[in-house]
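Just so you know, these numbers come straight off a predicted model, no measurement behind them. In this chain, residues are counted from 1 in sequence order.
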Amino acid sequence: MLHSNKIQRANKAAMDFSLLSEALTSKSYEKVADICDEHMLQVAAEGVAFQDDWPYAIHLLGHIYAGDINSMRFLWKSMPATLKEGNPEVIAAWKIGQKLWMRDYGGVYEAICGYDWSQEAQGLVAAFSDLYTKNMFQLLQSAYSTISIQDTALFLGMSEDDATTFVQQQGWAVDPASQMVTVKKQPIVTEQKLDASKLQNLTEYVFHLEH
């Protein structure tokens, strides 16, 4: 849940983050970005000075979880410079988005692991990390017939040994001599379904989104 002192300050400014807190508590992370977007529009229309108390890091991470990098970039551009320069968690969240935007696959995992996330953000970041790895695996499966162990490890955010073990568990064949993997084409069952629109969005920002 959001820090109580932040909620108290927000209430004084006529803001109610209860829906956001409920979404984080229930791990309904797919709702976070929409809740933040709608609430920001509401308080802005009411003339509330919300910037100092807004959970920008959570808002950025919500867009990242949803795979909406364009909205994340727009939010970043609209943020006060003091927060972009002086709020460590906001900067850390933005770094994940930057790595996605720059198609720096290994950098995404480094950005995730490179910051000690707050209690509010920990679950959301961990869920994104798991989802991103699953999505990257699905993309590798659809895009490649063979791929090197080194590249596989990069895409999955694992060591080469762990990546080798992981893909072998999925039925992929590994040639130790050439260090190449033969991809097994089969449907992947995941805990969280990835619908066609989300897969298309992920494919676009991972493989085609330009600066």
Side-chain angles (χ1 to χ4, degrees), residues 29-30 32-33 57 60-76 89-117 121-175 178-211:
Y29 300 124
E30 72 282 355
V32 168
L60 288 169
L61 291 167
H63 284 308
I64 289 170
Y65 183 88
D68 191 351
I69 303 305
N70 285 331
S71 292
M72 181 214 66
R73 291 174 61 197
F74 180 81
L75 176 63
W76 173 262
E89 190 156 86
V90 166
I91 295 169
W94 170 243
K95 186 175 292 185
I96 296 175
Q98 280 183 306
K99 298 301 182 181
L100 289 169
W101 173 33
M102 295 168 65
R103 296 170 290 176
D104 181 355
Y105 315 113
V108 172
Y109 296 105
E110 291 174 0
I112 289 171
C113 297
Y115 183 76
D116 185 13
W117 300 94
Q122 283 176 0
L124 178 52
V125 172
F128 166 72
S129 181
D130 290 344
L131 180 61
Y132 183 70
T133 298
K134 292 175 183 177
N135 291 345
M136 294 305 290
F137 180 80
Q138 291 184 33
L139 286 173
L140 291 181
Q141 187 176 50
S142 64
Y144 290 89
S145 296
T146 59
I147 185 173
S148 70
I149 283 291
Q150 182 179 14
D151 287 342
T152 301
L154 179 68
F155 279 104
L156 299 179
M158 302 177 184
S159 68
E160 292 186 16
D161 287 344
D162 287 345
T164 298
T165 300
F166 179 80
V167 298
Q168 286 177 325
Q169 290 173 343
Q170 310 305 316
W172 295 14
V174 179
D175 182 355
S178 65
Q179 290 290 289
M180 294 297 294
V181 177
T182 300
V183 177
K184 182 178 181 180
K185 302 291 185 180
Q186 65 179 17
I188 301 298
V189 178
T190 61
E191 294 178 1
Q192 178 167 350
K193 294 182 180 180
L194 182 68
D195 62 37
S197 62
K198 288 186 177 179
L199 181 59
Q200 181 178 357
N201 288 338
L202 182 70
T203 303
E204 288 175 355
Y205 80 66
V206 171
F207 290 106
H208 301 295
L209 189 62
E210 299 179 353
H211 292 210

Using the side-chain contact (heavy atoms from CB on, under 4.5 Å) rule, take Leu61 and Phe128 through it: C-alpha gap first, then chi angles, then the decisive distance, then the call. CA-CA 8 Å; Leu61 291 167; Phe128 166 72; over 6 Å; no
Derivation and outcome, side-chain hydrogen bond (donor to acceptor under 3.5 Å, both in side chains), residues Thr165 and Asp162: CA-CA 5 Å; Thr165 300; Asp162 287 345; 5.4 Å; no
Apply side-chain contact (heavy atoms from CB on, under 4.5 Å) to [X] and list each qualifying residue two or more places apart in sequence or on a separate chain.
X      : value
Gln179 : Ile149, Glu160
Asp175 : Ala177, Ser178
Gln168 : Thr164, Val174
Thr182 : Thr146, Ala173

Between [X] and [Y], is any pair of side-chain heavy atoms under 4.5 Å apart?
X      : Y      : answer
Ile69  : His63  : no
Ile112 : Ser129 : yes
Leu140 : Val181 : no

Please tabulate, one pair per line, all N/O donor-acceptor pairs under 3.5 Å involving side-chain atoms of residues 89-99, not counting sequence neighbours.
from  : atom 1 : to     : atom 2 : distance (Å)
Glu89 : OE1    : Ser118 : OG     : 2.8
Glu89 : OE2    : Ser118 : N      : 2.7
Glu89 : OE2    : Ser118 : OG     : 3.2

Holding to ring pair (Phe, Tyr, Trp, His ring centres under 6.0 Å), I want the full list of residues that pass it with Phe74, two or more places apart in sequence or in another chain. none
Counting N and O atoms only, with roles assigned by atom type, does the side chain of Ser71 sit under 3.5 Å from a partner on the main chain of Asp68, one being a donor and the other an acceptor? no
How long is the span from the [atom1] atom in [X] to the [atom2] atom in [Y], to the nearest 0.5 Å?
X      : Y      : atom1 : atom2 : answer
Met136 : Leu154 : CE    : CG    : 8.0 Å
Leu124 : Leu60  : CG    : CG    : 10.5 Å
Lys185 : Ser142 : NZ    : OG    : 6.5 Å

Residues two or more places apart in sequence or in another chain: which of them pass side chain to side chain donor-acceptor pair (under 3.5 Å) with Asp151? Ser148
Tyr109: what forms a side chain to side chain donor-acceptor pair (under 3.5 Å) with it, not counting sequence neighbours? Thr133
Decide yes or no on side-chain contact (heavy atoms from CB on, under 4.5 Å) for Phe155 and Ile147, but give the supporting numbers first. CA-CA 11 Å; Phe155 279 104; Ile147 185 173; 4.2 Å; yes
Are Tyr132 and Tyr65 close enough that their ring centres sit under 6.0 Å apart? no
Do Gln141 and Trp172 pass the side-chain contact (heavy atoms from CB on, under 4.5 Å) test, and can you show the C-alpha distance, the side-chain angles, and the key distance before you say yes or no? CA-CA 10 Å; Gln141 187 176 50; Trp172 295 14; 4.1 Å; yes
